[in-house]
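This is a predicted model, so every value here is computed, not measured. Computed from heavy atoms alone, side chains included, the values below leave out hydrogens, waters and symmetry copies. Naming convention: chains lettered A, B, ... in sequence-line order (proteins, then strands); numbering from 1 in each chain.
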There are 2 protein chains.
Amino acid sequence: MATREPITIKQLATMLGMAHSTVSRALNDHPAISAETKRRIQELAAHHGYVPNSAARSLKTAKSRIIGLVIPDIENRYYTTIAKTLADAAAPRSRQMMLSTTDDRPDREQSAILNLLEAQAEGVVLAPTADPTPETLAMLARLDVVQLLRHHPQIDAPRVEVADDYGLALSARHLVDLGHVRIGYIGNLSRVSTGAARLDGFLSVVGRDPETLRRVRICPPRADAAEGAFLDLMAGPDRPTGLVLGSARHTAGVLAGAARLGLRIPEDFSLVGYGDGELVPHLANGLTTLALPEQEMADACAALLGLIEPAGERPARFRPTLVVRRSTRAPA
Amino acid sequence: MATREPITIKQLATMLGMAHSTVSRALNDHPAISAETKRRIQELAAHHGYVPNSAARSLKTAKSRIIGLVIPDIENRYYTTIAKTLADAAAPRSRQMMLSTTDDRPDREQSAILNLLEAQAEGVVLAPTADPTPETLAMLARLDVVQLLRHHPQIDAPRVEVADDYGLALSARHLVDLGHVRIGYIGNLSRVSTGAARLDGFLSVVGRDPETLRRVRICPPRADAAEGAFLDLMAGPDRPTGLVLGSARHTAGVLAGAARLGLRIPEDFSLVGYGDGELVPHLANGLTTLALPEQEMADACAALLGLIEPAGERPARFRPTLVVRRSTRAPA
DNA sequence: CTGAAAGCGCTTACAG
DNA sequence: CTGAAAGCGCTTACAG
């Protein structure tokens, strides 16, 4: 029974010869309205395909049912899982999820946050860029924010993050325990908090002498960049016998580089990835990797935004676990 | 300079001793306002961290800047790419992307569409479930919709889809040309349009005799389901020497099943996947697969919604291409 | 170039 | 249990 022009509460009220306030209350199941009146009104509303106007409701109530998710990259499996879990939590509570990707650009971050502020978002889950603009920081102070994964010193908001230093120490320790001495690292820019923490965790185990630092490569989270870094790292003398990754998006590049150089895993070098997933067991003959509790972290975000009941403890920092498969072994 | 309570146009007008209509015009860069007035107003607005209220704007203009993306599963790489591309197209046009996942459930689809209708979404990109509810169909008639990938006979909206029959024929033909005779198929439910078209394309090449149909397995788009189907398919006598997949989410299950049975690819059977991606070249020693033009399809959606200029032709159906790697060869 | 006024579709105290 | 009224923050014809 959809009409071209959406029908309004006022029109329904006119048809029924009632005040539109009564219609509004009936549609919101207000206790003061009689059952019979409610039934009549709701029937007519359904018949005419009445749909409430959320802009009008938001204007009146000064809040919307929108929650924002602002992340660098939806193609990163980690964020994909977060998006899925958050969307699943939002749907049954009639919350809408607004998704923006920043590609780690502060200008895109700023416009995403502006849009959410304009929309009077109820909450925002944000994985901040390395350098949010002053405008972004000012706007964030006016929103209910959760910092996901990364954090920025000037954003005063609860954090939901991975114990990355712990995790990367786990990765490095695994290779050391297997007997590796020359261990390389390819990871993200250390300007974002996670990049710094991951490198730090790695170095806390292998040491910080110049010799070791020469086996560290930092590059953007793209496969082609990682491939370049890998080729460069493996070109020199005293090639690493083990390699630790600090980003999921570096995996494909390293595997491509290894294929190009004809290096086998784990015969020629051992590899520890970052992040698990459906396909990861089938990479590199079974990629040893750090698994992150994406689900729990997304739940923690949802709980902090009041979307779901907090499930027991809600630690700010979640510990990754090392999943040992067949891409790591003692050096030849 | 952010205040707790957001500042409004009226308050700015009072401070300046002007009419609030003038302030509104200045902030919207209306040509009739003098440069000097604009400057003063915009300066004050910036100083007070003025942010327009999008609910008020939407209420007045009877439209929002929201576009909806309603898909079954964000973890499916195909949809991830679409989401990324659409988000990238939306951002510079100050459009917001509302993401809902349906998990192929008509009730979730209905509430997602209801939310978008309430929000007066400018456009909706929808990959419909197999059986949208009558309510959903009625609401869709009131929205500007593009049907992505799948289509439903009762939804009257432009389609952006893959020539799946063509693509799966390509997959099957590849194995036939290599000399395979016993070829299996694992794919999606045929109740969704793509499931039917893919199976049809496969059968158009291998034939529809009962012998062949016994090598077809239909299962939900989950790895565990695909693994079960695979084990079942490979258990019988006259095991297929080649296998074609009709869903990206079946890949992990089949690889897990093959590992469990100790079957090597391509020595023991050849495998053709569905959908390409960063990691796919590193699966199964180089997975031969159908590559879909996700980027172009997302652009076509954006163009149909008026978000971007149509780039030359805009075919409704996009042809996948077969990327031959090392997971397929002549049968032993 | 600027102002006064109406109104978008709701919600919600206040009356009765 | 229902109604009359005000108002949320904008935009935009209509005047001048």
Query raised in the report: Can you find a donor-acceptor pair, distance only, under 3.5 Å between B:His20 side chain and D:dT11 base?
Result: yes
When you measure from the side-chain N and O atoms of [X] to the phosphate of [N], is any distance below 4.0 Å, counting only OP1 and OP2?
X	N	value
B:Ser24	D:dC10	no
A:Thr61	C:dT11	no
A:Thr37	D:dT2	yes

Requested in this report: Select one nucleotide: of D:dC10, C:dC10, D:dT11, the one nearest the side-chain heavy atoms of B:Asn28.
Outcome: D:dT11
Euclidean distance, atom [atom1] of residue [X] to atom [atom2] of [N] [Å, nearest integer]:
X	N	atom1	atom2	answer
B:Lys63	C:dG9	NZ	C1'	17 Å
A:Ile9	D:dA4	CD1	C1'	16 Å
A:Arg25	C:dG9	CZ	P	20 Å
A:Lys60	C:dA13	NZ	P	9 Å
A:His30	D:dT2	NE2	P	11 Å
B:Asp29	C:dC1	CG	P	13 Å
B:Lys10	C:dA5	NZ	P	13 Å
A:Leu12	D:dG3	CG	C1'	17 Å

Requested in this report: Can you see which heavy atom on A:Ala298 is nearest to which on A:Leu86, and at what distance?
Outcome: O-CD1, 3.9 Å
Requested in this report: Taking all heavy atoms of B:Val124 and all of B:Leu305, pick out the closest pair and write down the distance.
Outcome: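 In this case the closest contact between B:Val124 and B:Leu305 is N-CD2, 4.0 Å.
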Query raised in the report: B:His151 and B:Glu161: side-chain donor and acceptor closer than 3.5 Å?
Result: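 Distance-only check passes for B:His151 and B:Glu161.
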Report summary line: Partner of D:dA4 under the Watson-Crick or G-U wobble criteria, both distances under 3.5 Å, comes out as none
Report summary line: If pairing means Watson-Crick or G-U wobble with both distances under 3.5 Å, then the partner of C:dA13 is none
Query raised in the report: How would you label the contact of A:Ala32 with the nucleic acid (heavy atoms, under 4.0 Å): base, sugar-phosphate, or nothing?
Result: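 A:Ala32: base contact, heavy atoms under 4.0 Å.
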Report task. Mind checking B:Thr8 for me? I need base, sugar-phosphate or nothing, with any heavy atom below 4.0 Å counting as a touch. Result -> sugar-phosphate
Query raised in the report: Applying the side-chain contact (heavy atoms from CB on, under 4.5 Å) test to B:Leu116, which of B:Val145, B:Leu140, B:Leu69, B:Val70 qualifies?
Result: B:Val70
**Report entry** Heavy-atom side-chain contact between B:Thr136 and B:Thr133 under 4.5 Å
**Finding:**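 Answer yes - side chains close enough.
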Query raised in the report: When you match B:Ser34 and B:Leu59 each to their closest nucleotide on DNA chain C, which lands nearer the 5' end?
Result: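 Closest to the 5' end, via its nearest nucleotide, is B:Ser34.
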Query - Residue mapping more 5' on DNA chain C - nearest nucleotide basis, B:Thr22 or A:Asn53 - result: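 By nearest-heavy-atom nucleotide position, the 5'-most residue is B:Thr22.
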Query - Whichever of A:Ser21 and A:Pro31 has its nearest DNA chain D nucleotide further upstream toward 5' - result: A:Pro31
